[in-house]
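Data block below; observations after.
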Amino acid sequence: MLDTALLISLTLIVLAMAMNIYRLAIGPDIPDRLLALDTLYVNSIALIVLLGLWLNTKTYFEAAILIAMLGFVSTMAICRYLLRGDIIE
């Protein structure tokens with residue numbers, strides 16, 4: 001039962017990532033593309049966590065935490081650059 005649920009959720013996460021990549025490529029302006037990139041980070045974290053559950057290993061959870069930290073920092077840096085024109089004051 002758990003394998004079936006994991007397979008269905010993995011499929012749906014990959015489908016959501018494909019839609020995010022489409023929005024990232026076709027997005028009408030910069031904020032839409034930034035939002036698609038941020039959502040892609042969240043979906044990749046979910047994909048890695050589900051893969052870790054499916055393979056029953058703990059190393060994938062550490063990778064998911066690392067990607068979450070990098071995604072947060074990069075989103076903040078890009079937002080500051082778009083708002084102010086520089087990252088570090």
Side-chain angles (χ1 to χ4, degrees):
M1 181 73 181
L2 183 63
D3 290 333
T4 306
L6 284 174
L7 187 62
I8 291 171
S9 58
L10 281 171
T11 305
L12 291 175
I13 292 292
V14 168
L15 181 66
M17 288 178 78
M19 287 189 278
N20 284 329
I21 290 171
Y22 174 75
R23 175 52 66 189
L24 187 64
I26 306 296
D29 53 355
I30 300 288
D32 285 336
R33 291 180 178 175
L34 182 63
L35 187 61
L37 186 64
D38 193 42
T39 308
L40 193 62
Y41 279 122
V42 173
N43 286 338
S44 67
I45 292 167
L47 184 69
I48 290 173
V49 167
L50 287 173
L51 193 63
L53 283 172
W54 191 39
L55 297 175
N56 199 16
T57 60
K58 295 179 182 178
T59 56
Y60 288 102
F61 298 113
E62 294 173 5
I65 290 172
L66 181 66
I67 289 175
M69 288 189 301
L70 288 174
F72 175 74
V73 169
S74 66
T75 301
M76 289 297 117
I78 291 173
C79 286
R80 284 189 78 166
Y81 179 74
L82 288 176
L83 288 175
R84 296 184 183 160
D86 63 342
I87 297 171
I88 300 172
E89 295 176 353

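Side chains are part of it too, since the values below use all heavy atoms of this structure and drop only hydrogens, waters and symmetry mates. Just so it is clear, the structure is predicted and the values come from calculations on it, not from any experiment.
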From [X] atom [atom1] to [Y] atom [atom2], the distance as rounded to the nearest 0.5 Å:
X     : Y     : atom1 : atom2 : answer
Thr39 : Leu24 : OG1   : CG    : 10.0 Å
Ile8  : Leu50 : CD1   : CG    : 12.0 Å
Arg23 : Leu35 : CZ    : CG    : 9.5 Å
Glu62 : Leu66 : CD    : CG    : 9.5 Å
Met19 : Leu15 : CE    : CG    : 4.0 Å
Ile13 : Ile48 : CD1   : CD1   : 11.5 Å

According to a 4.5 Å side-chain heavy-atom criterion applied to Ile, Leu, Val, Met, Phe, Trp and Tyr, with indirect links allowed, do [X] and [Y] form part of one hydrophobic cluster?
X     : Y     : value
Val42 : Leu34 : no
Leu70 : Phe61 : no
Leu6  : Leu51 : yes
Ile26 : Met17 : no
Tyr60 : Trp54 : yes

What are the two closest non-hydrogen atoms of Ser74 and Tyr41, and how far apart are they? OG-OH, 3.6 Å
Just do the side-chain contact (heavy atoms from CB on, under 4.5 Å) check on Leu10 and Val14 with the steps written out, would you? CA-CA 6 Å; Leu10 281 171; Val14 168; 5.5 Å; no
Tested for side-chain contact (heavy atoms from CB on, under 4.5 Å) against Asp38, the lone hit among Thr75, Asn20, Asn43 is Thr75
Count the heavy atoms belonging to other residues, nucleotides or ligands that lie under 6.0 Å from CZ of Phe72, then report whether that count exceeds 12.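 Not buried by this count: 12 neighbours or fewer within 6.0 Å.
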According to side-chain contact (heavy atoms from CB on, under 4.5 Å), who are the partners of Asp29, at least two apart in sequence or on a separate chain? Pro31, Asp32
